[in-house]
Q: 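Mind looking over this structure? Questions follow.
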Amino acid sequence: RLAAKKLKEKRQMIEDELMKELEVLQNEHTDLQSYLAELQYQKQCLEAQIQRLFPDAPDPTLLNDEEAMAQFFEQYL
């Protein structure tokens with residue numbers, strides 16, 4: 001009986017630790033999702049600014065080639 005009680009207590013302690021770890025990870029996940037949304041918003045704002053400043057620039061949402069974008073903007077330097 002004593003061994004079973006100790007085993008049950010140990011299992012409960014492990015479960016409690018895992019629940020705390022899960023809560024920490026869920027909070028980190030939420031924080032990362034918020035940060036990603038913020039970065040996506042900033043990207044949209046920057047793309048809109050590019051389109052306003054350089055109306056003949058390639059659409060940055062369709063062109064993921066950084067080198068091609070750099071070549072385009074070099075003509076303005």
Side-chain angles (χ1 to χ4, degrees):
R1 254 183 194 254
L2 184 59
K5 182 178 178 183
K6 286 187 177 193
L7 187 61
K8 184 177 179 181
E9 289 173 353
K10 181 151 178 101
R11 189 193 84 210
Q12 185 63 46
M13 187 175 73
I14 291 171
E15 286 180 6
D16 291 345
E17 289 175 13
L18 288 173
M19 289 302 291
K20 288 177 186 176
E21 179 77 18
L22 177 61
E23 186 177 341
V24 167
L25 291 173
Q26 287 173 330
N27 289 337
E28 287 179 10
H29 178 72
T30 300
D31 291 346
L32 287 171
Q33 284 181 317
S34 297
Y35 183 59
L36 176 61
E38 181 183 327
L39 290 175
Q40 288 171 332
Y41 175 74
Q42 289 177 0
K43 179 183 175 188
Q44 287 176 336
C45 291
L46 290 171
E47 289 172 346
Q49 284 181 322
I50 288 172
Q51 287 301 310
R52 279 194 303 276
L53 293 172
F54 306 99
D56 56 341
D59 184 354
T61 59
L62 300 176
L63 184 61
N64 289 327
D65 183 1
E66 290 181 24
E67 189 174 325
M69 288 294 286
Q71 289 175 353
F72 172 82
F73 289 111
E74 281 177 5
Q75 68 185 339
Y76 293 98
L77 297 177

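This structure is a prediction, so every number in the text was calculated from the model and none was measured. Numbering starts at 1 and runs along the sequence shown.
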Q: Any chance you could lay out the side-chain contact (heavy atoms from CB on, under 4.5 Å) test for Tyr41 and Glu38, step after step, and finish with the verdict?
A: CA-CA 5 Å; Tyr41 175 74; Glu38 181 183 327; 5.8 Å; no
Q: Compare all side-chain heavy atoms of Glu47 with those of Gln51 and state whether any distance is below 4.5 angstrom.
A: no
Q: Tell me, do Leu25 and His29 make a side-chain contact under 4.5 Å, heavy atoms counted?
A: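 Answer no - side chains too far apart.
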Q: Enter the distance from Asp16:CG to Gln12:CD here, rounded to the nearest 0.5 Å.
A: 4.5 Å
Q: From Glu23 CD over to Glu21 CD, what is the distance, rounded to the nearest 0.5 angstrom?
A: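 Glu23 CD to Glu21 CD: 11.0 Å, rounded to 0.5 Å.
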Q: When you group the ILVMFWY residues by side-chain heavy-atom contacts below 4.5 Å and let the links chain together, are Leu22 and Val24 in the same group?
A: no
Q: Going by side-chain heavy atoms closer than 4.5 Å, which hydrophobic residues are tied to Leu7, directly or by a chain of links?
A: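 For Leu7, no cluster forms, as it stays isolated from other hydrophobic side chains.
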Q: So how far is it from Ile50 CD1 to Cys45 SG, rounded to the nearest 0.5 Å?
A: 11.5 Å
Q: Report the C-alpha separation of Lys8 and Lys5 in whole Å, then their side-chain angles, then the decisive distance to 0.1 Å, and conclude whether the side-chain contact (heavy atoms from CB on, under 4.5 Å) test is met.
A: CA-CA 5 Å; Lys8 184 177 179 181; Lys5 182 178 178 183; 5.7 Å; no
